[in-house]
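Below is one structure, written out as C-alpha cells; comments come after it.
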Protein chains: 2
Amino acid sequence: MGTVSKALSLLAHFSCDKSEIGLSDLTRLSGMNKATVFRMMSELQQSGFVEQTGADRSYRLGPQVLRLAALREAAVPILSVSRQVLRDLSDEVGETCHLSLVQGMQLNSLSHAYSPRHATKVMLEDAEVLAFHATASGLAVLAYSNTAFIDAILTSPLSSHTPDTITQPGKIRAQLDQVRTCGIAESIGGFEAEVHSHAVPVFGPDCQPIGALAVAAPASRMTAAQKDLIPQALHRAGASLTHSTGGMPPASYPVFTKT
Amino acid sequence: MGTVSKALSLLAHFSCDKSEIGLSDLTRLSGMNKATVFRMMSELQQSGFVEQTGADRSYRLGPQVLRLAALREAAVPILSVSRQVLRDLSDEVGETCHLSLVQGMQLNSLSHAYSPRHATKVMLEDAEVLAFHATASGLAVLAYSNTAFIDAILTSPLSSHTPDTITQPGKIRAQLDQVRTCGIAESIGGFEAEVHSHAVPVFGPDCQPIGALAVAAPASRMTAAQKDLIPQALHRAGASLTHSTGGMPPASYPVFTKT
DNA sequence: CCGCATGGTTCATTATTTGAACAGGCGGTT
DNA sequence: AACCGCCTGTTCAAATAATGAACCATGCGG
C-alpha cells in the first residue's frame with residue numbers, strides 16, 4: 001500500500017460520532033507508528049485536509065474538503081439535484097427520505113429530508129455508512145450491480161446489525177432476485193430495529209447504480225395506504241433523479257406497476 | 001515536499017472551468033513526471049478522491065470528497081448555517097450574496113444566494129478562488145488577520161484583474177486601515193469590472209477571521225438608498241453568522257453605526 | 001503512411017519514509 | 001512533592017517506496 005493511500009486512509013477514520021481524533025487515537029485506529037501518523041497528518045494539514053483544534057490539539061477534517069466537494073458538485077451535481085427530489089418525496093410520503101452514494105466498497109448516506117408530519121422520525125447521522133446487505137439502499141444497489149461487485153460484497157464479513165439482519169449470502173441473493181422483479185428493495189429492521197425501509201437504485205450514465213434513494217419509517221406507521229403509496233412515489237422520484245443527473249436505468253429495470 | 005503533499009497538490013489543479021483533466025495535462029500543470037502523476041492519481045482513485053471518466057479516461061474529483069465535506073459540515077456547519085443567512089440577506093438587498101472561506105493562502109467562494117429581483121446579476125463560479133487584495137471579501141479578511149498573514153499575502157505576487165485593481169502594498173494597507181474604522185470592506189471593479197462589492201469578515205471562536213460575507217452588485221444599481229441599506233444589512237448578517245457558528249469578533253471590531 | 005499526441009508500463013537508481021527511542025507537559029494519585 | 005500514565009511531538013540510522021527516462025500501444029489528423 002502506497003504512502004498516499006496510507007495517508008488518505010487516516011481520513012477514513014473520521015465519522016459523525018468521531019469528528020475529532022487525537023494523535024494517539026489515530027495511531028491505535030490505523031495501526032501505524034505514531035511518528036508516521038504525525039508526519040502524514042502534518043502533510044494533510046498543510047494541504048488543508050485536516051486542521052488541529054482545541055487545547056488537546058486533536059485533528060478534524062479541514063476546509064479544503066468543502067472546496068473540493070463544491071467542485072465535485074459543480075461537475076456532478078448529485079446532491080444539489082437530489083435536494084428538491086428528497087424534499088418533494090418526503091412531503092408526499094410524510095417520512096424520512098435519504099440518498100446514499102456508492103463510494104468504493106462503501107455506501108454513504110449523504111443527503112436527507114425529514115418530514116415535519118410526525119414528531120417521531122427516523123434520523124440518520126451525517127455521512128452514515130450503510131451496510132449493503134442489511135439495508136434497503138444497499139440491496140437496491142446490489143441488485144443492479146455487476147457480478148464481481150456483488151461477489152466482493154457477499155464474500156466480505158457480513159455483520160449482524162439487529163437480530164433481524166440477514167447475513168447468509170444465499171438468502172441475500174434471493175432478496176436481490178426479489179428486488180429485480182419489482183425494482184424496489186425493502187428491509188424491515190435489518191439495520192435499525194423497528195425501521196421499515198424502501199429503496200430504489202439511482203443509475204449513472206453507464207446504467208450502473210451510483211446510489212439509492214430510500215424512504216425510512218417506523219414500522220408501526222406502515223399502514224396499508226403507506227405500503228401502497230411509498231413504492232409508487234419512490235419509483236417516480238428515483239426515475240426523476242436518475243434522469244435529472246443524466247443517468248439511465250438498464251433495460252432490465254422494471255417499469256413500475258401497481259402491486 | 002513529501003509524497004502525500006505532492007499527491008494532494010494534484011487535486012488543487014481542479015477548478016470550475018477545469019473539472020476534468022487528462023494525465024498529460026496534469027503532467028504539464030504539475031511539472032511532475034507522467035509515471036509519478038499516474039501512480040499518484042491511481043492511489044487517489046483507489047481512495048475515492050478522483051475517478052476516471054469518458055472515453056479519454058480523464059480525471060475528475062471523486063465521491064469521497066462529498067463524504068468528507070458532509071463530515072466536516074457536521075462538525076463545523078459553516079455552509080449549512082450560512083445558507084439561510086445568505087438567502088435572507090439576498091432577499092433584503094436584492095443582489096448576489098456569497099460566503100468565502102479562508103483556506104491556507106487562498107480565499108474560496110463556496111456558498112452563494114442569488115436574488116430573483118433583477119435579470120442581470122453578478123454570478124460566481126463554484127469554489128471560485130478570490131484574490132485577497134482585489135476583492136472586498138479579501139480586504140475584509142485581511143483587515144482583521146494577524147500581521148504575519150497580511151505580510152505573507154502582500155509580499156506574494158499581486159495580479160491586476162482589472163484596470164482598477166490596486167496592487168501597491170502601501171495603498172492596500174491604507175485600504176485595510178479604512179476597513180478597520182468601519183468594519184466593512186468595499187471594492188469597485190477591483191476583481192470584476194463594473195461590480196461594486198461590500199464585505200464583512202466572519203470570525204471564528206479565536207476572534208480570527210475564517211472568511212467573509214459579501215454583497216456583489218452591478219455598479220450601475222448602487223443608488224444612494226442601496227449604499228445605505230447594504231452596509232447595515234451586511235453588518236447584521238455578518239454578526240449573525242459569526243454568532244451562529246460559535247465565533248466572536250475581536251474587541252477592535254466596530255459596532256456598526258449609520259454612516 | 002507518418003508524425004504526434006494520448007494513456008499506460010518498467011525497473012535500476014535515488015529519495016523518502018519508517019519507527020524505536022526519546023523529550024516535555026499535564027492531570028491524577030499517593 | 002513525587003511519581004505514574006497518558007498525551008503531543010521529535011530524531012536519525014536503517015529500510016522501503018518513489019522516481020523518471022525510456023519504452024509500448026493506440027488513436028487521430030494530415
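What you see is a predicted model; the values in this text were computed from it and never measured. Naming convention: chains lettered A, B, ... in sequence-line order (proteins, then strands); numbering from 1 in each chain.
Neither OP1 nor OP2 of C/dA15 sits under 4.0 Å from any side-chain N or O of B/Thr3. Regarding contacts with the backbone of D/dG20, a side-chain N or O of B/Thr36 is found under 4.0 angstrom from either OP1 or OP2. Taking side-chain N and O atoms only, B/Gln52 has no distance below 4.0 Å to OP1 or OP2 of C/dT6. At least one side-chain nitrogen or oxygen of A/Ser24 sits closer than 4.0 Å to the OP1 or OP2 atom of D/dT8. Distances shown here put every side-chain N or O of A/Tyr59 at or beyond 4.0 Å from the OP1 or OP2 atom of D/dC7. Distances shown here put every side-chain N or O of B/Arg57 at or beyond 4.0 Å from the OP1 or OP2 atom of C/dT6. For the pair A/Arg39 and C/dT18, the criterion of a side-chain N or O lying under 4.0 Å from OP1 or OP2 is met. Not one side-chain nitrogen or oxygen of B/Gln45 sits closer than 4.0 Å to the OP1 or OP2 atom of C/dG8.
A straight line from NZ of A/Lys6 to P of D/dA18 spans 9 Å, rounded to a whole angstrom. For B/Leu23 and D/dA25, the CG to P distance is 18 Å, given to the nearest whole Å. The separation between A/Asn33 atom CG and D/dT16 atom C1' is 14 Å, rounded to whole Å. Straight-line distance from the CG atom of B/Leu29 to the P atom of C/dT6: 12 Å, rounded to whole Å. What separates CE of B/Met32 from C1' of D/dA18 is a distance of 12 Å, to the nearest Å. Protein atom CD of A/Glu43 is 11 Å distant from nucleotide atom P of C/dT16, rounded to whole Å. A/Asp56 has its CG atom 11 Å from the P atom of D/dC7, to the nearest Å. Atom-to-atom, CG of A/Leu44 to C1' of C/dT17 comes out at 15 Å; the value is rounded to the nearest Å.
No engagement by B/Met41 is indicated, since no non-hydrogen atom pair under 4.0 Å with the nucleic acid exists.
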Carefully, step by step, assess B/Leu11 and A/Phe49 under the rule side-chain contact (heavy atoms from CB on, under 4.5 Å).
CA-CA 11 Å; B/Leu11 298 180; A/Phe49 282 80; 3.8 Å; yes

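Side-chain rings of B/Phe203 and B/Tyr253 approach one another, their centers coming within less than 6.0 Å. For B/Phe149 and B/Phe132, the distance between ring centers is under 6.0 angstrom.
In terms of position on DNA chain D, the residue among A/Ile21 and A/Val4 whose nearest nucleotide sits closer to the 5' end is A/Ile21. Between B/Phe38 and B/Arg28, the residue whose closest nucleotide on DNA chain C is further toward the 5' end is B/Arg28. Both B/Asp25 and B/Ala35 sit near DNA chain C, but only B/Asp25 has its closest nucleotide nearer the 5' end.
At a cut-off of 3.5 angstrom, counting only N and O atoms as typed in the model, there is no donor on one side facing an acceptor on the other between the side-chain of B/Lys34 and the base of D/dG20.
Heavy atoms from other residues, nucleotides or ligands lying under 6.0 Å from NE2 of A/His13 number more than 12. Other residues, nucleotides and ligands place more than 12 heavy atoms under 6.0 Å from the CE atom of B/Met105.
The closest side-chain donor-acceptor pair between A/Ser109 and A/Glu128, if any, does not fall under 3.5 angstrom.
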